[in-house]
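First up is the structure itself, then whatever we jot down about it.
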Amino acid sequence: DVVLTQTPVSLSVTLGDQASISCRSSQSLEYSDGYTYLEWYLQKPGQSPQLLIYEVSNRFSGVPDRFIGSGSGTDFTLKISRVEPEDLGVYYCFQATHDPWTFGGGTKLELK
Amino acid sequence: QIQLVQSGPELKKPGESVKISCKASGYTFTDYAMHWVKQVPGKGLKWMGWINTYTGKPTYADDFKGRFVFSLEASASTANLQISNLKNEDTANVFCARGGGTTPFDYWGQGVMVTVSS
């Protein structure tokens, strides 16, 4: 199974700071069709996860442009510029390239 | 608007069965697969598998083969998950989510808390 390793496990920030989360895969996530099915989800406290980014760098409808996904192959990053209160929660990367699909362990973004 | 509405919380004893549902609205049910995701309280997310809502064919992740059954009531735009012979480790919040593969999980149900306790 593909293992997605997220770092850091927790991240303390001041509002307005930039935050960066890494997601490293045990295998390349480029699929045979040329696409890379790496997604980012945010789970706010007491809520269902919500889609932020798909195919590495595409923002889902309504997601602010302060969320930026990047990377390729096995190394991926989610950057949040100017963290706002509604950005707090647990971030998960997820891959749908290799069966079984797998989530990273999560990164908790909290206030310093 | 697109919604996935799941059934209510369940409290069961070990060895019992449970069936939870996920009713979709606001889109054509058979145009998107339905996936199931498990979350043990305080822990991360685990993909359980999915069901092709057009053909009804289920696919299970290895840890969810045997006691878990995905099914459909397509006429009611509803996907179901039945878990038999419940164990304490089945205690979790279970989400349904639309999409998967080339389509990300763009809409999620609110989750169903399944508690297994004697």
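Sequence lines set the chain letters: A, B, ... in the order given, protein chains first and strands last, and positions in each chain run from 1.
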Q. Parallel, tilted or perpendicular: which describes the rings of W108(B) and Y41(A), with under 30° parallel and over 60° perpendicular?
A. perpendicular
**Q.** Point-to-point distance, once rounded to the nearest 0.5 Å, from CZ of F103(A) to CD of Q39(B)
**A.** 9.0 Å
Q: Using a cut-off of 6.0 Å, state whether more than 12 heavy atoms not belonging to F60(A) lie near its atom CZ.
A: yes
Q) For the residue pair S48(A) and Q110(B), what are the closest heavy atoms and their distance? A) OG-CA, 3.4 Å
Q: Using a cut-off of 6.0 Å, state whether more than 12 heavy atoms not belonging to K43(B) lie near its atom NZ.
A: no
Q. Roughly how far apart are Q50(A) CD and D106(B) CG, rounded to 0.5 Å?
A. 12.5 Å
**Q.** Partner set under side chain to side chain donor-acceptor pair (under 3.5 Å) for D75(A), not counting sequence neighbours
**A.** R24(A)
**Q.** Neighbour count >12 (heavy atoms, 6.0 Å) for atom NZ, K108(A)
**A.** no
Q) Between OG1 of T102(B) and OH of Y54(A), what distance do you get to the nearest 0.5 Å? A) 11.5 Å
Q: May I ask you to check whether over 12 heavy atoms, not counting those of Y60(B), lie within 6.0 Å of atom OH?
A: yes
Q. So what's closer than 4.5 Å to chain B heavy atoms on D99(A): side chain, backbone, both or neither?
A. side chain
Q | Shortest non-hydrogen separation from Y92(A) to G44(B) and the atoms involved | A | OH-CA, 3.5 Å
Q. What part of Q95(A) is in contact with chain B, defined as an atom under 4.5 angstrom from a non-hydrogen atom: side chain, backbone, both or neither?
A. neither
Q.
So, taking the atom named CH2 in W50(B) and the one named CH2 in W101(A), what distance separates them when rounded to the nearest 0.5 Å?
A. 6.5 Å
